[in-house]
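Start at 1 with the first residue, then count along the sequence.
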Amino acid sequence: MKLMPGVLLAVALAYCALYVSHSSWVQPWGISASLLAIVGGMLIGNTIYHRMAPVCHAGVDFSKQKILRLAIILFGLRLTLQDVASVGITAVLIDATVICTTFGLTIWLGRKWFGLDRHSIILIGSGCSICGAAAVMATESLIKARTEKVTMAVATVVVFGTLAMFIYPLLYPLILKYWGVSEFSFGIFTGSTIHEVAQVVAAGNAIGEHAADTAVISKMIRVLMLAPFLLALSTWQLREQNGNQNENDLPRNAQITIPWFAVGFMLMAVINSLHILPAPLVQSVIYADDVMMTTAMAALGLTSHVSAFRKAGIKPLLLAALMFGWLVIGGGMINAGFNLLLR
């Protein structure tokens with residue numbers, strides 16, 4: 001029963017965010033419920049939440065950990081292996097290359113140029129590389145980062161993903177004019193480089209129906225790569241912690257932390273690919289998953305304090321800005337290169 005007040009508070013914020021995000025005056029802008037939940041949570045968290053914290057903290061903490069992991073598992077029901085096949089091997093290779101280069105570049109720049117702490121770099125890198133806020137939250141479940149670092153990473157994803165949502169539709173006529181890129185190819189570029197699923201949908205719809213369909217599938221392939229990314233991250237962390245980065249074998253007493261929620265995520269995708277679940281049930285579960293993911297975001301907002309952002313400074317935002325530039329320019333070069341190579 002001690003969890004109930006905090007969970008109910010986070011769920012109430014989540015439903016408010018979902019309601020506003022689906023309203024006619026917000027939906028065209030592609031503003032996600034996750035963003036609204038975090039903002040709403042932060043407004044309460046930095047004003048009156050300290051009075052409720054003694055009663056609500058346990059439930060809020062449960063929401064941003066346990067409920068989040070269940071939401072990530074159920075997120076797999078949005079994907080099918082048939083979706084991957086429909087866009088071909090080119091999109092898979094492009095997505096994998098974008099993820100690896102973006103995450104690797106974030107790690108290098110974060111360490112060498114900005115001197116940021118390990119957790120901030122990893123969280124920003126995962127958000128830029130894979131699927132925005134959902135990837136940040138999934139990564140946080142693995143590395144156990146502090147709340148303010150998670151919120152900062154989510155904020156950078158939201159800021160630059162929203163910017164991309166408006167820039168990409170403006171880019172398409174220019175790229176079409178000078179390079180003759182099809183809607184199909186530009187859709188893959190959009191899905192492989194924009195941060196959030198909602199932002200990809202908004203940008204794709206602004207370009208055209210064919211671009212939107214391809215962009216969403218390309219983005220879903222990136223989302224599908226979240227599970228192997230988390231497994232690889234767990235192994236990498238272990239090697240660094242044991243000082244064996246240059247050795248082929250892990251120490252005998254080493255134990256890799258398996259993110260079981262990532263395995264569950266993949267299992268849900270496979271089950272959905274088999275089409276053994278009734279479509280209405282899948283849609284109901286997806287809606288419940290939206291509520292749970294938004295609940296976790298609201299809980300994150302409730303425990304985020306403005307003072308922590310001031311302490312973090314401008315460096316995380318600058319790193320995310322550079323990675324946004326890389327996704328647009330470098331991601332475009334990766335897309336063009338694979339299209340030429342596999343034509």
Out of curiosity, [X] [atom1] to [Y] [atom2], how far, rounded to the nearest 0.5 Å?
{"X": "Leu18", "Y": "Leu13", "atom1": "CG", "atom2": "CG", "answer": "11.0 Å"}
{"X": "Phe324", "Y": "Ile167", "atom1": "CZ", "atom2": "CD1", "answer": "4.0 Å"}
{"X": "Phe189", "Y": "Thr214", "atom1": "CZ", "atom2": "OG1", "answer": "14.0 Å"}
{"X": "Phe75", "Y": "Met268", "atom1": "CZ", "atom2": "CE", "answer": "14.5 Å"}
{"X": "Ile122", "Y": "Phe103", "atom1": "CD1", "atom2": "CZ", "answer": "5.5 Å"}
{"X": "Ile334", "Y": "Leu327", "atom1": "CD1", "atom2": "CG", "answer": "8.5 Å"}

Going through the distances and angles, do Leu319 and Trp113 end up as a side-chain contact (heavy atoms from CB on, under 4.5 Å)? CA-CA 9 Å; Leu319 174 59; Trp113 284 26; over 6 Å; no

Within-4.5 Å side-chain heavy-atom neighbours: [X] and [Y]:
{"X": "Ile175", "Y": "Tyr168", "answer": "no"}
{"X": "Met293", "Y": "Leu68", "answer": "yes"}
{"X": "Trp236", "Y": "Ile107", "answer": "yes"}
{"X": "Lys112", "Y": "Trp108", "answer": "yes"}
{"X": "Ile143", "Y": "Leu233", "answer": "yes"}
{"X": "Thr106", "Y": "Leu322", "answer": "no"}
{"X": "Tyr49", "Y": "Leu9", "answer": "yes"}
{"X": "Val55", "Y": "Met52", "answer": "no"}

Identify the two heavy atoms, one from [X] and one from [Y], that lie closest to each other, and give their separation to 0.1 Å.
{"X": "Ile194", "Y": "Gly161", "value": "CG2-O, 4.4 Å"}
{"X": "Leu77", "Y": "Leu277", "value": "CD2-CD1, 4.1 Å"}
{"X": "Leu3", "Y": "Ala58", "value": "CD2-O, 3.6 Å"}
{"X": "Gln65", "Y": "Asp61", "value": "NE2-OD1, 3.1 Å"}
{"X": "Leu70", "Y": "Met292", "value": "CD2-SD, 3.6 Å"}
{"X": "Gln199", "Y": "Val157", "value": "NE2-O, 4.1 Å"}

Say whether Val7 and Ile48 are linked into one hydrophobic cluster, either directly or through other cluster members, by side-chain heavy-atom distances under 4.5 angstrom. no

Quick check: is Leu318 connected to Val154 through a chain of hydrophobic side chains (ILVMFWY, heavy atoms under 4.5 Å apart)? yes

Please identify each residue that fulfils side chain to side chain contact (heavy atoms under 4.5 Å, CB included) with Ala37, with sequence neighbours left out. Ala17, Thr294, Met297, Ala298

Would you please name every residue forming a side chain to side chain donor-acceptor pair (under 3.5 Å) with Thr190, sequence neighbours left out? none

For [X], is the [atom1] atom crowded, meaning more than 12 foreign heavy atoms sit under 6.0 Å from it?
{"X": "Tyr15", "atom1": "OH", "result": "no"}
{"X": "His119", "atom1": "NE2", "result": "yes"}
{"X": "Leu43", "atom1": "CG", "result": "yes"}

Under the criterion side-chain contact (heavy atoms from CB on, under 4.5 Å), I'd like the reasoning laid out for Leu224 against Met266: C-alpha separation, chi angles, the key distance, then a yes or no. CA-CA 7 Å; Leu224 195 62; Met266 291 290 290; 4.1 Å; yes

Does [Y] offer a backbone N or O that forms a donor-acceptor pair with the side chain of [X] under 3.5 Å?
{"X": "Ser218", "Y": "Ala215", "answer": "no"}
{"X": "Asn339", "Y": "Asn335", "answer": "yes"}
{"X": "Arg222", "Y": "Ile99", "answer": "no"}
{"X": "Thr295", "Y": "Ala14", "answer": "no"}
{"X": "Lys219", "Y": "Ile130", "answer": "yes"}
{"X": "Thr139", "Y": "Ala135", "answer": "yes"}
{"X": "Ser126", "Y": "Leu123", "answer": "yes"}

Taking atom types as modelled, is there a side-chain donor on Thr147 or Lys64 under 3.5 Å from an acceptor on the other? yes

Before giving the answer on side-chain contact (heavy atoms from CB on, under 4.5 Å), spell out for Thr102 and Val98 the whole-Å C-alpha distance, their side-chain angles and the decisive distance to 0.1 Å. CA-CA 6 Å; Thr102 302; Val98 167; 3.8 Å; yes

Please assess Thr151 against Leu300 for the test side-chain contact (heavy atoms from CB on, under 4.5 Å), listing each intermediate value before the final yes or no. CA-CA 7 Å; Thr151 308; Leu300 176 64; 3.5 Å; yes

